[in-house]
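So you know, we letter chains A, B, ... as the sequences are listed, proteins then strands, and number each from 1. Just so you know, these numbers use all the heavy atoms, side chains as well, and skip hydrogens, waters and symmetry mates.
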2 protein chains.
Amino acid sequence: MTEIKQTTIETVVDNLMYLHPLISKSFSKQMRAKTNLNPGSLFIMGVLSVYKTLSMSDIGRKLSMPKPHVTVLIDKLIEEKMVERIADLTDRRIINIHITEKGITQFQTIKQEISEEMRQQLQQLTKEQLTTLATATQQVRELLIISFGKPSGCPDTKNQTS
Amino acid sequence: MTEIKQTTIETVVDNLMYLHPLISKSFSKQMRAKTNLNPGSLFIMGVLSVYKTLSMSDIGRKLSMPKPHVTVLIDKLIEEKMVERIADLTDRRIINIHITEKGITQFQTIKQEISEEMRQQLQQLTKEQLTTLATATQQVRELLIISFGKPSGCPDTKNQTS
DNA sequence: CATAATGGTTACAAATATACAACTATTACA
DNA sequence: TGTAATAGTTGTATATTTGTAACCATTATG
């Protein structure tokens, strides 16, 4: 047996490492099937659907996405009228990205379609298990936001927090 | 307000969609810094560290990874002596991939290094919150395995479950 | 004012992941 | 036996992501 007593943190890491591809798996097909947005754009829509307005750098920080990549994806989202650029009033370097009404609606629709597809899978769970899952995912979400939600620099040459 | 009363499933989808980039973020840097393995290979090591032996197709199914991609990644892992190919005794088409002792040890080490890096972030949580997180991630993991852990075909032309 | 730092863009290379097609070997089955 | 289905490989094209560097505009700071 190679089993060693794990610390709580190691248990968390273990679970998260296992969880990641599992969540990927549950989304990947639907994401590709149900939208013409690529994963990166969808993640941006995800944070924007929560925060409504974020600067380019904020988006990069929240998603650990290099700034040049954010620029490219936002360009596409603007073409699709999902988001819009808004100049910052106090700091003229900053460009705020604001989710449009169309963006909100479309993203809502996408989520509902994905939910519909996942219903089949998730209905293998009992009502109690499903409630537990909703609660547990909510807890994980909130606690990870505390731990990893804060700005910590996005991986880009000129933007290191060194 | 665009808020609409969500079903339990929609809440789960909402949380999972938000969780995915957050988990990505918490791992990405460490994964790239601490190992010479790419993310895909690391995910394969993850499932193999649990199941010890899986066929090529099993791996593809569990990770929703196209079979040709699995082949490439396994080739690299074999070069590194992390896994080995073992011919199946009952069905000579099947090639079983077995994690080696070195693979188990190395993966354990990688996880501990990642844990060490994450400790700093996770220590912003109280002891109670950390325990909650461990429990919640465990629950999510187990319930998602029930829902999405089953074979459902990996995205490859010749392997559709149609 | 001079200089450093920040926010953002552009361009390009490299790594990684996905999709598709063709192919061999083996097994399942009518 | 003949045919279809499965498991896996190989190759190639494409999509996506990451990494670097250079660059401009603006702000912060000495």
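Checking C/dT18, D/dT10, C/dG7 against every side-chain atom of A/Ser57, the shortest atom distance belongs to C/dG7. Here the side chain of B/Asn38 is nearest to one of C/dT18, D/dG8, C/dT16, namely C/dT16.
The distance between atom NE2 of B/His69 and atom C1' of C/dA17, rounded to the nearest whole Å, is 5 Å. Rounded to whole angstrom, the span from the CG atom of B/Asp75 across to the P atom of D/dT10 amounts to 6 Å. Put simply, CG on B/Asp88 is 14 Å from C1' on C/dA25, counting in whole angstrom units. For A/Ile78 and C/dG8, the CD1 to P distance is 12 Å, given to the nearest whole Å. Distance CG (B/Leu37) to P (C/dT16): 10 Å, rounded to an integer number of Å.
Checking side-chain atoms of B/Lys52 against main-chain N and O of B/Ser49 turns up a donor-acceptor pair under 3.5 Å. Side chain of B/Gln129 to main chain of B/Thr126: a donor-acceptor pair is present (N/O by atom type, distance under 3.5 Å, no hydrogens or angles).
Under 4.0 angstrom from either OP1 or OP2 of C/dT6 there lies no side-chain N or O belonging to A/Arg61. Remark: A/Thr71 is not in phosphate contact with C/dG8, judged by side-chain N or O atoms under 4.0 Å from OP1 or OP2.
Nearest heavy-atom pair across B/Val13 and A/Phe27 is O-CZ, 3.8 Å.
With a 6.0 Å cutoff to the six-membered ring centre and a 45° limit on the axis angle, A/Lys62 does not count as a cation-pi contact of A/Phe148.
For the pair B/Lys76 and A/Val70, nearest-nucleotide mapping onto DNA chain C gives the more 5' position to A/Val70.
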Point to revise | Where protein sits on nucleotides 24-30 of chain D, one letter per nucleotide: B base, S sugar-phosphate only, - none, heavy atoms under 4.0 Å | key: -BBS---
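Put simply, the residue from B/Asp88, B/Asp58, B/Asp91 that forms a side-chain hydrogen bond (donor to acceptor under 3.5 Å, both in side chains) with B/Asn96 is B/Asp88.
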